[in-house]
Amino acid sequence: MQPDVSFVIAAYNAEATLGRAIDSALAQAGVTVEVIVVDDCSSDATVELARSYGDGRVRVVVLETNRGPGGARNAGLDAARGRWVAVLDSDDAVLPSRLAAMIARAEQRSAEIAVDNIVVIREDGTPPEVMFPERYLDELGNLTLANFIGGNVVFESMFNFGYMKPIFLREHLERHGLRYDEKLRIGEDYILLASALAKGGRCAVEPAVGYAYRVRSGSISRVLELHHVEAMQHADAAFAAVHRLDVDAQKAFTLRARSLRQAASFLSLVQHIKRRSPLKAIRTALGDPAAVRHLRMPIEVRLRRVARQFAYRSGK
């Protein structure tokens, strides 16, 4: 029988946390599930752990070459059989009632996509924190393309919707040939959801917390680099060339494009400062004075804030 939901878990050296993710997916109440673990050339016991489950609902796909998070998830989507597909990061977890609540909300609104609230759990012992005010999401009701793009504007977004983990009606992805951009190591989630919305997908918002996003101590161990932002700019340009945006979405897209230019200028400026290239730094500052504004706080603090804006976590 076709399961209600296919969970896709891309795993790379995830031996320490994968079991928690799988267990939480299998514990979903009120829906039938399959769990597809895609090993992206791990060097630890990730594959052995996934194969150790004596449960026919857990399937393991082993990639021959490392394809990155987008490629591993695409392999999982290709193998999925469920009516809905849900992506779960290998070090995160989902609450037992999550999928039943999201599917009910989506069906109530005739939606092909659904998102929900997130609890952030830090392993340094600080109390868990709910990412979005429940009342705000309740009033939002549906997530439009303009809402979503506007929630991914660097330095300016009140709430970063890039952290949301959507579920998709698999038929909607297949009908429009939607998959992750494998060239992106950051922002691949954003482009997929934006594309699904641009293809006419309606996205219902479930205000309740259903996804547990875990932040390991020192998890932002790599600094966001200029080439990451440049890759996102190229992906956004390709997105704009393919999809027709309404007025509100176009306004939000223009703001996001400007924010990415500022982020790129800021990272370029920091790069020149660290390399002790004052003339290049001056040229960058003159070319985009907005980049200088971000130097008012310590560079490391600002770099971490930029990294968080892109939902950038080490090992993802």
Side-chain angles (χ1 to χ4, degrees), residues 1-10 25 28 30-36 70 73-89 94-95 97-118 132 137-152 159 161-181 187-211 235 238-240 242-246 248-250 252-253 311:
M1 293 181 61
Q2 181 185 38
D4 294 319
V5 182
S6 294
F7 276 96
V8 174
I9 304 177
Q28 291 299 293
V31 294
T32 56
V33 304
E34 67 172 355
V35 179
I36 303 170
R73 290 171 183 165
N74 283 343
L77 291 177
D78 291 341
R81 299 176 298 200
R83 194 164 65 91
W84 292 84
V85 290
V87 170
L88 173 59
D89 285 352
V94 285
L95 278 61
S97 61
R98 183 191 190 227
L99 267 297
M102 294 178 79
I103 291 173
R105 181 76 61 166
E107 291 179 343
Q108 180 186 42
R109 301 186 178 219
S110 300
E112 295 82 7
I113 312 163
V115 294
D116 63 348
N117 212 338
I118 299 168
F132 305 101
L137 292 185
D138 190 42
E139 292 176 350
L140 189 60
N142 289 326
L143 183 66
T144 66
L145 180 58
N147 293 149
F148 181 61
I149 297 175
N152 284 274
F159 299 111
F161 291 150
Y163 282 92
M164 285 178 157
K165 297 294 183 180
I167 64 170
F168 299 96
L169 197 62
R170 188 164 64 87
E171 193 274 335
H172 183 68
L173 297 182
E174 299 300 333
R175 185 181 347 127
H176 298 290
L178 297 175
R179 287 296 187 267
Y180 288 95
D181 184 340
E188 72 280 1
D189 295 303
Y190 166 81
I191 288 293
L192 180 64
L193 179 49
S195 298
L197 290 167
K199 288 294 186 181
R202 288 155 293 189
C203 183
V205 178
E206 168 54 56
V209 169
Y211 194 95
F239 170 83
V242 171
H243 302 290
R244 179 176 296 178
L245 307 184
D246 63 27
D248 290 337
Q250 184 60 57
F253 183 85

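Everything numeric in this text was worked out from a predicted model, so none of it was measured.
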Check whether any side-chain N or O of [X] sits under 3.5 Å from a backbone N or O of [Y] as a donor-acceptor pair, and report yes or no.
{"X": "Arg109", "Y": "Val205", "result": "no"}
{"X": "Asn117", "Y": "Phe132", "result": "yes"}
{"X": "Thr32", "Y": "Pro3", "result": "no"}
{"X": "Gln28", "Y": "Leu99", "result": "yes"}
{"X": "His172", "Y": "Ile113", "result": "no"}

With heavy-atom distances below 4.5 Å as the criterion, would you say the side chains of [X] and [Y] are in contact?
{"X": "Ile103", "Y": "Ile167", "result": "yes"}
{"X": "Phe239", "Y": "Phe253", "result": "yes"}
{"X": "Cys203", "Y": "Leu197", "result": "yes"}
{"X": "Arg73", "Y": "Leu192", "result": "no"}
{"X": "Val94", "Y": "Phe7", "result": "yes"}
{"X": "Val33", "Y": "Val31", "result": "yes"}
{"X": "Val35", "Y": "Ile9", "result": "yes"}
{"X": "Trp84", "Y": "Ser6", "result": "no"}

If the condition is side chain to side chain donor-acceptor pair (under 3.5 Å), which residues does [X] pass it with, not counting sequence neighbours?
{"X": "Tyr180", "answer": "none"}
{"X": "Asp248", "answer": "none"}
{"X": "Arg170", "answer": "none"}

Please find the pair of heavy atoms, one from [X] and one from [Y], that lie closest to each other, and give the distance.
{"X": "His243", "Y": "Ser195", "result": "NE2-OG, 3.7 Å"}
{"X": "Ala194", "Y": "Phe148", "result": "N-CE2, 3.7 Å"}
{"X": "Ala252", "Y": "Ala146", "result": "CB-O, 3.7 Å"}
{"X": "Ala204", "Y": "Ala111", "result": "N-CB, 3.8 Å"}
{"X": "Val5", "Y": "Ala86", "result": "CG1-CB, 4.1 Å"}
{"X": "Leu193", "Y": "Val115", "result": "CD2-CG1, 4.5 Å"}

request  = Would you please test Asp116 and Lys165 for salt bridge (charged side-chain N to carboxylate O under 4.0 Å, His left out) and show each step?
outcome  = CA-CA 7 Å; Asp116 63 348; Lys165 297 294 183 180; over 6 Å; no
message = What's the separation between atom CD in Glu206 and atom CG in Leu137, rounded to the nearest 0.5 Å?
response = 9.0 Å
request  = Report the distance from atom CG of Asp189 to atom CG of Asp89, rounding to the nearest 0.5 Å.
outcome  = 7.0 Å
message = Quick one, Tyr190 with Phe161, criterion side-chain contact (heavy atoms from CB on, under 4.5 Å). Give me CA distance, side-chain angles, the key distance, then yes/no.
response = CA-CA 9 Å; Tyr190 166 81; Phe161 291 150; over 6 Å; no
inquiry  = Checking Leu88 against Tyr211 for the side-chain contact (heavy atoms from CB on, under 4.5 Å) test, could you report, in this order, the C-alpha distance in whole Å, the side-chain angles of both residues, the deciding distance, and whether it holds?
reply    = CA-CA 9 Å; Leu88 173 59; Tyr211 194 95; 3.7 Å; yes
query = Glu174 pairs by salt bridge (Lys or Arg N to Asp or Glu O under 4.0 Å) with which of Arg81, Arg83, Arg179?
reply = Arg179
message = Under the criterion side-chain contact (heavy atoms from CB on, under 4.5 Å), I'd like the reasoning laid out for Lys199 against Glu112: C-alpha separation, chi angles, the key distance, then a yes or no.
response = CA-CA 11 Å; Lys199 288 294 186 181; Glu112 295 82 7; over 6 Å; no
